[in-house]
Asks: 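Right, I'll just put the structure down here and ask away after.
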Amino acid sequence: MLADGEVLLLDALGQFTYESGSPAVTPATMYDVASLTKAVFTASAAMLLYQRGLLDLETPVGELLPGFIIGRDSSRLARRVTIRHLLAHNSGLPGYVPFFHTATTPYTVLRDCLELPIEAEPGARAEYSDPGFMLLGKALESLLGETLPTFTHRELFAPLEMTRTGFCPPPSVRSLIPPTEEDELFRQRRIQGEVQDEHAYLLKGAAGHAGLFSNVPDLLRFAHAILAPARFRIFEPATIELFAQRQSPSGSSRALGWDTPSEESSSGRFFSAQSIGHLGYSGCSLWIDRETEVAIVLLTNRTWPHRESQLIRTVRPAFHDALREVL
């Protein structure tokens, strides 16, 4: 937990698994942070490109990814989908499609994303979309002319000294990362030190929607860069403010690449309306209160040994409330 520019709590509880002799978790333990990738990696890259004048949020996705519109009628909704829509999860794309049942290569995953139907008028429906962020990551790479992990490591993670943050941990460190699950659906083995998300796995471990590994100290440094932009000189205040604003339609809690507290938010009862955050399927979360200058990171492997448990939905708000009450 970070408050007023200082780390007030950095602690760990439990073991990697329930097995006897399983390693103990430490504050430095790396986790598969799942969809925190969307905010910490993909949206952050978009923020950097926007403030440098390299990204227009109103750019049609089809201009950067022609395959998104090729073969579609000129009146089709896909031609009206913009980068802003992908960031705001209101593009009209479906939320989740299990491409991995038939796709076997990066090419087939991306082709399937490009060919998805647009189910609603862009901007009219909020639906959290993994395919949207897969496409967003590729669109930003098209704009950059280099891979997004290379750009983000150089421009964000390295300057912030986030040395334990990145994609595709080497085999030498995989045993130091808590396993996410005993996968009986896709890979038929224990998933440890490699991305749990099936589509990120097919995309060679690095994608716009998932794949990032990190730890609590690194993510608190990232949060500090959001809370103290003048000190870190990574993000400009106007950029943070823009990306933190809720987007259409009315009632959506989604900002640009970020979420904001909703009525029954995982952030609990005390994060202000000026807060931004995100969740990760593996049991991770990051919430940053820009009004009170508080940031809280929670990393767990809630999907161990299987992903069915939803108890994290009770744990997250209770955890955040307990820390805020102490403050």
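None of the values given here were measured: they were computed from a predicted structure.
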Asks: For D259, check salt bridge (Lys or Arg N to Asp or Glu O under 4.0 Å) against everything at least two apart and list the hits.
Replies: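 Salt bridge (Lys or Arg N to Asp or Glu O under 4.0 Å) check on D259 returns R254.
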
Asks: Test salt bridge (charged side-chain N to carboxylate O under 4.0 Å, His left out) on R80 and E63; report intermediate values, then the result.
Replies: CA-CA 11 Å; R80 301 205 289 275; E63 286 190 12; over 6 Å; no

Asks: Kindly indicate whether the side chain of H320, heavy atoms from C-beta on, has any atom under 4.5 Å from the side chain of L323.
Replies: no

Asks: Have a look at S275 and tell me which of I288, T292, T260, D289 forms a side chain to side chain contact (heavy atoms under 4.5 Å, CB included) with it.
Replies: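 It is D289, the one option of I288, T292, T260, D289 that forms the side chain to side chain contact (heavy atoms under 4.5 Å, CB included) with S275.
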
Asks: Can you confirm if the aromatic rings of H101 and F186 lie within a centre distance of less than 6.0 Å?
Replies: no

Asks: Going by the rule salt bridge (Lys or Arg N to Asp or Glu O under 4.0 Å), which residues pair with D56 if we only count those two or more places apart in sequence or in a different chain?
Replies: none

Asks: Please report the C-alpha distance between L286 and L298 in whole Å, then the side-chain angles of each, then the deciding distance to 0.1 Å, and finally whether the side chain to side chain contact (heavy atoms under 4.5 Å, CB included) criterion is met.
Replies: CA-CA 7 Å; L286 166 65; L298 173 64; over 6 Å; no

Asks: Could you tell me which residues satisfy ring-ring contact (aromatic ring centres under 6.0 Å, His included) with Y96, sequence neighbours excluded, listed by chain and number?
Replies: H199

Asks: Check the pair L156 / F235 against side chain to side chain contact (heavy atoms under 4.5 Å, CB included), numbers first and verdict last.
Replies: CA-CA 9 Å; L156 179 63; F235 302 112; 3.8 Å; yes

Asks: Between R111 and F99, is NZ or CZ placed under 6.0 angstrom from the six-membered ring centre and within 45° of the ring axis?
Replies: no

Asks: Would you please name every residue forming a side-chain contact (heavy atoms from CB on, under 4.5 Å) with S266, sequence neighbours left out?
Replies: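 side-chain contact (heavy atoms from CB on, under 4.5 Å) list for S266, sorted by chain: L279, W287, R316.
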
Asks: Could you tell me whether R324 sits above the aromatic face of F271, with NZ or CZ closer than 6.0 angstrom to the six-membered ring centre and within 45 degrees of the axis?
Replies: yes

Asks: Tell me which one of I312, I191, T180 satisfies side chain to side chain contact (heavy atoms under 4.5 Å, CB included) with T303.
Replies: T180

Asks: Residues two or more places apart in sequence or in another chain: which of them pass salt bridge (Lys or Arg N to Asp or Glu O under 4.0 Å) with E115?
Replies: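 With neighbours one apart ignored, the set is empty.
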
Asks: Dump the intermediate steps for side chain to side chain contact (heavy atoms under 4.5 Å, CB included) on D218 and F222, then the final yes or no.
Replies: CA-CA 6 Å; D218 275 15; F222 171 82; over 6 Å; no

Asks: E194: what forms a salt bridge (Lys or Arg N to Asp or Glu O under 4.0 Å) with it, not counting sequence neighbours?
Replies: R187, R189

